[in-house]
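All remarks here apply to the structure that follows.
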Amino acid sequence: MSKTANSNTLTFKERNRLSGGYLLRKKTLGVIINICFFLLMFGLCFLILQPILNKISLSLMTESDLYDSTINLLPRHFTISNFGLAAQLMEYRVAFRNSLLVSGGVSLVQLIACTLVGYGFARFDFPLKKFWFFCVILVIVIPPQTISSALYLHFYYYDFMGLFKAIKGSTINLRGSMLPYFLMSAGCMGLKDGLYIFLIRQYFRGVPKELEEAAYVDGCGTLSTFIRIMLPDAKPILVSCFLFSFVWQWTDSFYTNLFMGRVKVLSRELGSLADSLSYYVQRISGGSSQASVGYMQQINAVGVLMVVTPIILLYLVAQRGFVESLSQTGIKM
Amino acid sequence: MSKKTKQKNLAKKRAVSGYLFILPFILGFLFFMVKPFFQSLYMSFCTVDISAQGVKYIFAGLDNYKRAFLIDPEFNQMLTDEVWRMVINSISTIIFSIFVALMLNTQFKGRAFVRAVFFLPVIFSSGIIVGLDANNALLSSMAKSAEASTGSSVTAVLEQILTSANVGSKFMDTIFDIVNRVYDIASASGIQIIIFLSALQTIPQSMYEAADIEGCTKWESLWKITMPMISSMFLVNWIYTIVDFFTKTDNQIMNKIKTQMTTYMAYDFSSALAWIYFAVVMVMVGVSALIISKVVYYYE
């Protein structure tokens, strides 16, 4: 009896003897599992971070370092001139501002439209609701590439119900302006809009019905209930949807190539960065030399870093909200 | 009687406001999805003639499809390659993301950091960056030299031993291929990990406690509690993974469609290609969704 009462004052050795060796085995097993776990986690994190670290070290090298086989990871001639060159070639300032405008504007429009639609699907009963929700799933599943050729022509010879042809005698070309893309976003057909509708609907479905009913009893209309009762609570999911769409919009090349032929945005500039470099090298050398493949790839790495840095900063600021609000929705299908 | 009509009126009012709320979607769906959808389907059966006046469609029957399957030298090969790659990639992405989600769901020091790292690929493997990184030989040579500097790579030795043993070499090749592409898989599974994580967090802790008292080991409760409880997420993630793969910029077929459309202005042919690919993928999604939905368990 005294032994069990004093068990916390006994030494580890004695306790181990009492348990017949079980304690030691359990402890060792625990330590081994922990070590394995740590190694695995370290490896997986390294796996993801390594390309980024590589890009950083690559971006700090001079061109001659690239061909030096004794240099692997650390640059010998430390330089930050690559960033200056990439910024000049991408017209970083203009492109950054445009990207900010496009991504911010489009995400905002998307968010407003998707919130309305998601709320409608979550809280109202109406005929054909199942059918329309099936259409939302369809929008998630149908890749935009399937309809891209038709969309391209649709906006190239844009005509709203034959109106323009009747007035001006010809259709108008909306490609190259940002208007079609904003229109599509407002119609929930932009980049991954189906997913946002799905997430937002999932969130609103979880809100207790009593909250809504209490608002109705107190004399709130449908719209003011939505704006004054439901929206303030939904802030986390709305913020994360906005950030998702902002980030994806920032790096998207499909819709920007399709619609914004003349607008300089970062993702487009990044896509053509290698070409602008070779053009630049040709021009300053008077056409006698060309940019090497290695140099082009280096400038690509620099460009990726420069494009990604703003959104990584944004992500680090909002990281907590990002993951947590998503787990709040308790996505079910 | 009057109460009933009042209720009916209320329901009607609710239905109308419901429709008003989803109106943006309906309009967008009709104008920017249904119309182009059928238009591109129609285009794939036509020869599209583009001039300054507008577009002319001349019906051509199955010509574009015949061209894709019978005349085009690379399309058949590409299609089988990409579909096979998609299957392998999607399966390994799902397994990887479950694995990571299970690990991230346990308590350990620095979990917030690890979670943040695992979410980074959502940024890094989106849009234009995937295609650029895939073609960057400089970076991959750096990765190789980093690998070589650790002495002899363990996987390389293991690969040599196992292939020289000559056991099921085709199967082994596939496995090694997956192992070598683990970065691609990790970078494609950001969203899936989050979806699984959120599912894991909705499982009530009391279930595990009850199982523990009944004498369940951790391993048993993984298969008897965790897996059934998150099984409904398999379907979501499976579809999401396939669609995500479909639209990636490093996808060969998508690139072919894009070049056909933008450089050759062959809208008819590119539509046909897109439709073939779409049909193949839809059949795959449909069949696999049917199979998966048979084993999915819904907990209410």
Side-chain angles (χ1 to χ4, degrees), chain A residues 41 45 47-51 54 58 72-73 113 116-117 119-121 124-127 132 135 139-141 143 145-147 149-151 153-154 157 171 184 186-189 222 247-248 251-253 267 270-271 294 297-298 300-301 304 308 311-312 315 319 323 326-327 329-333, chain B residues 14-15 17-19 21-22 24-25 27-29 31-33 36-37 39-40 43 54-55 114-117 120-121 123-124 126-129 132 136-139 142-143 145-146 149 182-183 186 194-195 197-198 201-202 232 235-236 239 243 246-247 249 254 257 261 267 270-271 274-275 278:
Chain A
M41 273 298 159
C45 284
L47 182 80
I48 291 173
L49 288 179
Q50 190 228 8
N54 275 352
L58 201 59
N72 273 336
L73 299 173
L116 287 174
V117 174
Y119 183 71
F121 275 119
F124 293 95
D125 268 324
F126 44 85
W132 288 115
C135 291
V139 171
I140 301 179
V141 174
Q145 278 90 340
T146 317
I147 57 165
S149 46
L151 269 182
L153 290 181
H154 179 68
Y157 302 100
T171 55
M184 279 184 74
C188 297
M189 293 298 133
T222 316
V247 164
W248 278 326
T251 56
D252 169 68
S253 61
S267 57
L270 182 61
Q297 288 180 343
Q298 184 192 21
N300 265 344
V304 168
V308 153
I311 45 178
I312 288 202
Y315 165 60
Q319 194 263 26
V323 179
L326 272 174
S327 43
T329 58
I331 310 153
K332 272 202 187 103
M333 197 170 182
Chain B
R14 298 278 292 168
S17 30
Y19 261 104
F21 269 111
I22 68 161
F25 174 77
L27 285 181
F29 187 73
F31 279 107
F32 302 124
M33 187 56 87
F37 191 73
Q39 201 177 9
S40 90
M43 248 155 59
V55 202
V114 176
R115 275 194 187 181
V117 168
L120 275 184
I123 299 172
F124 264 94
S126 60
I128 184 114
I129 299 171
L132 279 183
N136 205 327
L138 213 57
L139 279 174
M142 266 182 111
S145 70
S149 64
V182 67
Y183 174 70
I194 289 174
I195 293 182
L197 253 182
S198 69
Q201 281 162 358
T202 56
S232 58
L235 195 57
V236 182
I239 294 175
V243 173
F246 208 146
T247 53
T249 37
M254 283 306 160
I257 293 171
M261 191 173 92
Y267 295 97
S270 67
S271 296
W275 269 91
F278 177 58

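Just so you know, these numbers come straight off a predicted model, no measurement behind them.
Heavy atoms closer than 4.5 Å to chain B are found in both the backbone and the side chain of A/Met184. Heavy-atom distances place both the backbone and the side chain of B/Phe29 under 4.5 Å from chain A. Interface residue A/Val304: only side-chain heavy atoms are found under 4.5 Å from chain B.
In summary, the aromatic rings of A/Tyr119 and A/Phe124 are positioned with their centroids under 6.0 Å apart.
Ring pair B/Tyr19/A/Phe126 is tilted by interplanar angle, where 30° to 60° counts as tilted.
With A/Ser267 contributing its side chain and A/Asp252 its backbone, the two residues share a donor-acceptor pair below 3.5 Å.
Chain A forms more heavy-atom pairs under 4.5 Å with one residue of B/Ser17, B/Ala274, B/Ser271, B/Gly18 than with any other, namely B/Gly18. Contact count versus chain A (heavy atoms, under 4.5 Å) is highest, among B/Ser40, B/Pro121, B/Ser270, for B/Ser40. Listed options A/Pro127, A/Gly120, A/Ala113, A/Cys135 were ranked by heavy-atom pairs under 4.5 angstrom with chain B; first place goes to A/Cys135.
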**OP:** Tell me, with the steps shown, if A/Leu49 and B/Leu120 meet side-chain contact (heavy atoms from CB on, under 4.5 Å).
**Re:** CA-CA 9 Å; A/Leu49 288 179; B/Leu120 275 184; 3.8 Å; yes
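Taking both residues in full, the closest heavy atoms of A/Val117 and B/Ile22 are given as O-CG2, 3.6 Å, listed atom of the first, atom of the second, then distance.
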